[in-house]
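Below is the structure I would like to discuss, written out as C-alpha cells.
Here, residue 1 is the first one in the sequence, and each next residue gets the next number.
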Amino acid sequence: MSLAAGIVGLPNVGKSTIFNAITAAGAESANYPFCTIDPNIGVVDVPDSRLDVLHHFVRTQKVIPAAVKVVDIAGLVKGASAGEGLGNKFLGNVKETDAILHVVRCFEDGDIVHVHGKVDPREDIEVIELELAMADVETLTRAHERVSKKARSGDKDSIVERDCYEKAKTLLEAGTMLRLAEWSEREREALRPLFLITMKPVLYVANVAADDIGTETAHVAAVRAHAEATGAGVVVLSGDIEGEIAGLEPEEREEFMKELGIEESGLERLAHGTYDLLGLQTYFTAGEKEIRAWTVKRGTKAPQAAGVIHTDFEKLFIRAEIYSVDDMIAHESEAAIKAAGKLRVEGRDYTMREGDVCHFLIGK
C-alpha cells in the first residue's frame with residue numbers, strides 16, 4: 001500500500017527545513033512567511049536495518065525499502081481557511097494524505113520571525129487546528145447541501161449522509177476534532193469520500209534548538225500534553241541537526257549521531273511514528289531478483305498481504321511459507337531455516353506478524 005503524510009504548521013516553524021532534511025529534495029527554506037508557495041512533494045525511503053540483515057544472507061540484484069510520500073505545504077496562518085495568506089488552496093493537498101505531520105516551533109530564536117511575535121506551542125497548535133477544522137466545515141456544508149434534497153425525498157442513504165454531515169459539522173463548531181469522535185462504520189463510509197482533514201491521525205513534530213536535544217523543555221512538554229489529551233503522537237527533533245545529518249556520508253552520520261546521543265535519525269523516528277499512528281506494519285519478500293519491504297495494516301491476513309504485491313495474488317492465494325529475520329540471523333540461509341523446522345507454512349486465516357519474511361504460493 002502507498003502511504004502519504006502532509007506537513008502542516010505556521011510559517012517559520014521549520015517545516016521546509018525538516019522536509020529538506022528527510023527528503024533531500026532541496027525545498028527552499030528562509031526566514032520569511034510563505035517561502036513555500038507551491039507544495040513540495042518528496043518520496044522518502046523508510047529506513048529499515050532488517051533489509052541490510054536479509055541482504056547479508058540473501059544476495060540479490062536489488063533491495064527496495066518501503067516508501068512514504070511527504071507533502072510540505074505553505075505555512076498556514078489565522079484565516080487561511082477563508083483565504084488569508086496563501087489561503088485554503090493548499091489545504092486540498094493535505095486532504096490526499098493518510099496522516100498529518102504537524103510541525104510546532106519549540107525553539108527560541110530572535111533572528112527568526114514568529115508570525116505571532118512569541119513562541120507559544122499550544123496557541124500555535126490551536127491556530128492551525130482551527131483552520132483545518134474550518135476547512136472541513138466548508139467541505140461538510142457543501143456536502144450537506146448536495147444530499148439534502150434527496151434526503152427530503154426520502155432516500156435512505158441520503159438521510160444517513162445528511163445526518164452524519166450535520167453531526168460532524170456540529171462537533172467541529174464545538175471545537176472537537178473529528179478523529180476524536182465516535183463513529184459507526186456506516187458513518188465512516190459516509191465521511192470517507194470527503195477526505196476530511198480533521199479525521200486524519202496527527203503526529204506532532206516538536207522542532208527544538210540543537211542545544212535542547214534530549215531535554216524536555218517547557219515548550220516540548222506543552223506539545224506532549226496536548227498530544228496525550230487528543231490521542232496524537234509526538235516526535236521531538238531539531239530541524240537544524242537533521243539537516244546536518246542528511247548532508248553526511250553514512251559513516252560520518254553514524255559517528256555524528258553517536259556524539260549527540262541520537263539513536264535514530266529524524267526520518268526514522270517520523271517513519272516509525274507514522275506507522276504506529278496508522279496501525280501499519282512491515283513484511284518482507286526475499287528472492288533472487290530482489291529483497292523488498294511491503295506495508296500492510298496490522299491484523300491483515302496472508303491473502304490480503306499477498307494482494308499488496310499484485311491484486312490477483314489475493315484471489316489466487318494458496319499458502320505462504322514464512323520465517324522471521326531472527327531465524328535468518330540464527331541459521332544464515334533459507335535452506336538451513338527449513339532444515340531446522342523454522343519455515344512455517346500458513347494458510348488463508350494466518351494473521352501477518354511484524355517482520356515476517358514470506359514466499360507466497362499463488363495458483364493460476
_Heavy-atom pair with the smallest gap, counting every atom of R224 and V236_ =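 Taking R224 first and V236 second, the nearest heavy atoms are NH2-CG2, 3.6 Å.
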
_Nearest non-hydrogen partners of A190 and E161, listed with the distance_ =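 Result for this residue pair: CB-CG, 4.0 Å.
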
*Treat each ILVMFWY residue as a node, draw an edge where side-chain heavy atoms are under 4.5 Å apart, and state whether L191 and I159 are in one component.*
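In one cluster: no.
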
_K342 atom NZ: more than 12 heavy-atom contacts under 6.0 Å_ =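 Atom NZ in K342 is not packed in, count stays at 12 or less.
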
*For the atom pair CD1 (I128) and CD1 (I197), what is the distance rounded to the nearest 0.5 Å?*
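The CD1 atom of I128 sits 11.0 Å away from the CD1 atom of I197.
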
*Provide the closest heavy-atom pair for C358 versus I322 in the form atom of the first, atom of the second, distance.*
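Smallest interatomic distance, heavy atoms only, reads SG-CG1, 3.9 Å.
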
*asked:* Quick one, S49 with D52, criterion side chain to side chain donor-acceptor pair (under 3.5 Å). Give me CA distance, side-chain angles, the key distance, then yes/no.
replied: CA-CA 5 Å; S49 60; D52 296 328; over 6 Å; no

*Hydrophobic cluster identity match, F284 and L280, side-chain contacts under 4.5 Å*: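 No.
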
_Can a side-chain donor-acceptor contact be found between T17 and N20 if the only test is distance below 3.5 angstrom?_
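Per modelled atom types, N20 and T17 side chains form no pair under 3.5 Å.
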
*Common cluster, M199/L132, ILVMFWY with side-chain heavy-atom separation under 4.5 Å*: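 Different hydrophobic clusters.
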
_Identified side chain to side chain donor-acceptor pair (under 3.5 Å) partner of H144 from the options E166, R162, K169_ =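 So the option named by the test is E166.
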
*Applying side-chain contact (heavy atoms from CB on, under 4.5 Å) between L237 and each of V208, I245, L270, report the one that passes.*
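Testing each of V208, I245, L270 against L237, the sole residue satisfying side-chain contact (heavy atoms from CB on, under 4.5 Å) is L270.
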
*asked:* Please list all pairs meeting side-chain hydrogen bond (donor to acceptor under 3.5 Å, both in side chains) that have one or both residues in residues 197-208, counting only residues at least two apart or in different chains.
replied: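 Of all non-adjacent pairs touching residues 197-208, those that pass side-chain hydrogen bond (donor to acceptor under 3.5 Å, both in side chains) are E129-Y204, D136-T198, Y204-H226.
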
*Please collect all side-chain hydrogen bond (donor to acceptor under 3.5 Å, both in side chains) contacts where either partner lies in residues 265-289, sequence neighbours excluded, each pair once.*
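Checked against side-chain hydrogen bond (donor to acceptor under 3.5 Å, both in side chains) - neighbours excluded - the pairs reaching residues 265-289 are E242-R269, E264-H272, S265-E268, Y275-T295, D276-R298, T285-W294.
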
*Are M352 and M328 connected in a single hydrophobic cluster, I mean Ile/Leu/Val/Met/Phe/Trp/Tyr linked by side-chain heavy atoms less than 4.5 Å apart?*
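Different hydrophobic clusters.
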
*Is the number of heavy atoms from other residues, nucleotides or ligands under 6.0 Å of H359 NE2 greater than 12?*
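Counting other residues, nucleotides and ligands, NE2 of H359 exceeds 12 neighbours.
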
*asked:* Using 0.5 Å steps for rounding, measure from the CG atom of L3 to the NZ atom of K69.
replied: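 The distance works out to 10.5 Å.
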
*asked:* Enumerate the side-chain hydrogen bond (donor to acceptor under 3.5 Å, both in side chains) contacts for residues 249-261, please, sequence neighbours excluded, ordered by first and then second residue.
replied: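 Pairs touching residues 249-261 that pass the test: none.
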
_Heavy-atom pair of closest approach, residues A320 and F360_ =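 Scanning both residues completely, I find the closest heavy atoms to be CB-CD2, 3.7 Å.
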
*Grab the two heavy atoms, one from F313 and one from A306, that are nearest each other, plus how far apart they are.*
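Closest approach of F313 to A306: CB-O, 3.4 Å.
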
*Looking only at non-hydrogen atoms, find the nearest pair between L171 and A181 and report the distance.*
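Closest heavy-atom pair between L171 and A181: CD1-CB, 3.6 Å.
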
